[in-house]
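Residue indices begin at 1 and follow the sequence shown. Keep in mind that the numbers below use all heavy atoms, side chains included, and drop hydrogens, waters and symmetry copies.
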Amino acid sequence: MATVNQAIERLFPNSVILDYEDGEKVFAKSKSQMTYRDMAVELQLHEDSEGHPSIKVFVTSEKTPIRSLKLIWQREIGAYCRFTGDEWGASNGTCQWRGMDPQRIFPWYVLVRANEETIAMGVMTQCASFASWNLNPSQVTLSLDLRNGSNGVCLNGRVLEATTILYCRYERTPFAAARKFCKILSPLAITPSLPVYGILSRPHAGQSFGADQILKECTELSILSNNLQNRPFQIVDCGWQTEDINSNASCGPWTTPSKRFGDMADLADKIRRQGIRPGLSMRLLCDRSDTLPAEWHIEGKSDILDPSQPQVLEYIQGNVRQAADWGYELFRHIGSTTDCLNGVFNSQYARERWHFADQSKTNAEILMDFYHAIKSAMGDMFIYGEDVIGHLGAGLLHLNRASMDAPENDWQRNRHNRINTLAFRICQNENFFTIDPGPLDLGANQKWQDLRQLAELTSLSGSAFIVSIDTQKPLPPACAKDLARDFLNASFGSYQLYSQDWLTNTCPEEWSLDGETRKYHWFS
């Protein structure tokens, strides 16, 4: 009983704020069950087999739309603590350890370093809300965004399990604590059966993007990965989905061969005959075909499909199965969060008022239904998510693009984003999914000497190692030699890499690889 009582003291919030469509209700003293009008909140205390205490949060309402729930703990936080956390989706290079900042928001989980102890607070993956933490010198607040579109969710009497909160204390290094905590947060993780590396074939400025370019790149990749037992992937970018190279992709169906790409099954076969594993990209929610029913689209967005509708999910599953039937071994879906939510999760309230066709589910639930639909139709393919919410997709994706590209292809910023992602999100690698810190563009106007260190670090990280090449600009001999070595490293993928200076540097230079210290000079 002592353990349970201690857990209650640590975890039960001091107050709870229920935000609904027309106002808010403050429960000044939280209880296991709280009711107001036709709404109710329930907190259930649990303890796992390792003794980690957790709280399950349930919410229900008969008619009133619910927007959010806040749980507030009155806790004194030491003046010399340092804090870090996660990002909503792909990282923009902003992860860092720093001191107290009451304005800072930590999506999903937060780590607190105090003396020789690391405290971890977070929510389990695949939760039904967008969860974020905020800390000030006297309070810890967890906010659960329960909206549908930008409106409150209409639960209609359904009991929603909004999230499960977990609290752990570790007397170990911050990185070891982060890895352990991420493993606990994601018990259903899936990862590829083999390390993933290779190239992303995508349009290059001033060049036609089609089958000819892809097969040239395939030949180059075959040479660079000669005799490697774990064969690389060649992932075709989504420009193949439309005949207009300057148009955004539409989501099918594709009943006739493309003028630029030919028959997509034949293209997959040609890639495979060169000893390369074919992958295919699709932007699944964008529809500019004018052939699908208007009511399938999100309210006010005539070119974006509404994934809350069962018929839309069935249609999307058909497109995923099409890629599998064509013979592709990896399926990369892109743009889904931006298309679906239009950035709504980044702000407290969106200016536009809109909702999905099914108003009874939260944004998080609708996204997870979408990820589930893709997974159920994938066959034997690996699922790679780009522009997805990783915390919701853990267990539903094999790979996740974990960083953003910088605007206007800013090389210094792109490099920083990838290094920052490796340092602060490698703790999720193999615990949530395999992370991809971002394709490395070898076709950019950048010297290999500048790219070489980042390519080496990524190839040794155990994450996915994806590059983009331009066959119109032959690789210099030194580049080809180094890249062949990097592909060899990435094909093994069984390395233990972490940053030694991530507590003080957002672009770390000191790294530990299987116990050996390596130093990289990014700015020399």
Side-chain angles (χ1 to χ4, degrees), residues 85-96 98 103-105 107 199-207 209 235 237-239 241-242 244-249 281-283 285-286 288 301 303-304 332-347 350-352 384-390 399-425 435-455 457-458 463-470 472-473 505-508 522-523:
D86 198 17
E87 302 278 354
W88 286 120
S91 170
N92 200 24
T94 56
C95 297
Q96 62 179 291
R98 69 172 189 255
Q103 299 300 312
R104 191 177 179 189
I105 299 298
I199 65 172
L200 172 63
S201 292
R202 57 188 176 187
H204 298 287
Q207 298 180 33
F209 182 49
I235 307 169
D237 202 6
C238 66
Q241 290 180 258
T242 174
D244 181 359
I245 195 170
N246 296 312
S247 170
N248 286 327
S281 306
M282 288 188 190
R283 187 177 171 190
L285 293 178
C286 180
R288 294 187 174 142
K301 300 179 182 180
D303 58 344
I304 303 298
R332 171 178 173 255
H333 63 95
I334 73 169
S336 303
T337 299
T338 300
D339 287 341
C340 187
L341 293 183
N342 197 26
V344 70
F345 65 92
N346 275 325
S347 60
R351 292 181 181 177
E352 298 179 46
Y384 175 117
E386 181 163 329
D387 188 23
V388 301
I389 304 299
L399 302 107
N400 180 35
R401 167 74 185 270
S403 76
M404 296 182 186
D405 281 329
E408 300 179 358
N409 200 29
D410 181 337
W411 158 245
Q412 296 290 342
R413 179 76 175 274
N414 277 330
R415 179 179 64 181
H416 174 86
N417 284 4
R418 285 153 177 74
I419 297 165
N420 183 266
T421 294
L422 281 173
F424 286 85
R425 306 188 89 177
I435 69 165
D436 174 14
L440 187 61
D441 190 356
L442 307 186
N445 295 320
Q446 196 68 36
K447 295 179 181 178
W448 174 245
Q449 189 63 25
D450 295 328
L451 297 166
R452 181 185 58 79
Q453 290 190 104
L454 180 56
L457 179 67
T458 307
S463 67
F465 177 59
I466 308 294
V467 302
S468 178
I469 63 177
D470 184 352
Q472 299 295 318
K473 301 175 182 178
N505 188 351
T506 62
C507 189
W522 305 121
F523 303 101

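- In this structure, the side chain of His416 engages the main chain of Gly93 through a donor-acceptor pair within 3.5 Å.
- Closest approach of Pro107 and Asp86 over heavy atoms only: CD-O, 3.1 Å.
- Residues satisfying the salt bridge (Lys or Arg N to Asp or Glu O under 4.0 Å) test with Arg332, not counting sequence neighbours, are Asp237, Glu386.
- Under the 4.5 Å side-chain criterion, counting only non-hydrogen atoms from C-beta, Asp441 is in contact with Arg202.
- Smallest separation of non-hydrogen atoms from Arg413 and Ala406: CG-CB, 3.1 Å.
- Take Asp303 and apply the salt bridge (Lys or Arg N to Asp or Glu O under 4.0 Å) test, not counting sequence neighbours, and it matches Arg288.
- Between Ile334 atom CD1 and Leu285 atom CG the span is 11.0 Å, to the nearest 0.5 Å.
- The shortest side-chain heavy-atom distance between Asp339 and Ile304 falls under the 4.5 Å cut-off.
- Residues passing the ring-ring contact (aromatic ring centres under 6.0 Å, His included) test with Phe465, sequence neighbours excluded: Phe487.
- Evaluated for a side-chain contact (heavy atoms from CB on, under 4.5 Å) with Ser403, the options Ile435, Thr421, Ile419, Asn420 yield exactly one hit, Thr421.
- The nearest pair of heavy atoms linking Pro439 to Leu200 is CG-CD2, 4.0 Å.
- Considering Asp470, Leu451, Ile199 in turn, Leu451 is the only one that fulfils the side-chain contact (heavy atoms from CB on, under 4.5 Å) rule with Leu442.
- The closest donor-acceptor contact from the side chain of Asn400 to the backbone of Ala402 lies at 3.5 Å or more, if one exists at all.
- Interatomic distance, Glu87 CD to Asn92 CG, rounded to the nearest 0.5 Å: 7.5 Å.
- At a threshold of 4.5 Å between non-hydrogen side-chain atoms, the residues Trp522 and Asn505 do not count as touching.
- Distance OG/Ser463 to CG/Leu399: 9.5 Å, rounded to 0.5 Å.
- By the 4.5 Å heavy-atom criterion applied to side chains, Lys447 and Trp411 are not counted as neighbours.
- In this structure, OG in Ser91 is found 10.5 Å from CG in Leu422, a value given to the nearest 0.5 Å.
- Looking at heavy atoms from C-beta onward, Ser281 lies in side-chain contact with Ile235 at the 4.5 angstrom threshold.
- For the pair Leu454/Arg418, a side-chain contact is recorded, criterion being any heavy-atom separation below 4.5 Å from C-beta on.
- Side-chain atoms of Asp436 never come within 3.5 Å of backbone atoms of Ile466 as a donor-acceptor pair (strictly under, hydrogens ignored).
- With rounding to the nearest 0.5 angstrom, the SG atom of Cys507 is 9.0 Å from the CD atom of Gln412.
- Residue Ala455 comes nearest to Trp448 through the heavy atom pair CB-CH2, 3.8 Å, listed as atom of the first residue, atom of the second, then distance.
- Atoms CD1 and CH2, from Ile105 and Trp88 in turn, are 8.0 Å apart once rounded to the nearest 0.5 Å.
- The side-chain heavy atoms of Arg401 and Asp387, taken from C-beta on, include no pair separated by under 4.5 Å.
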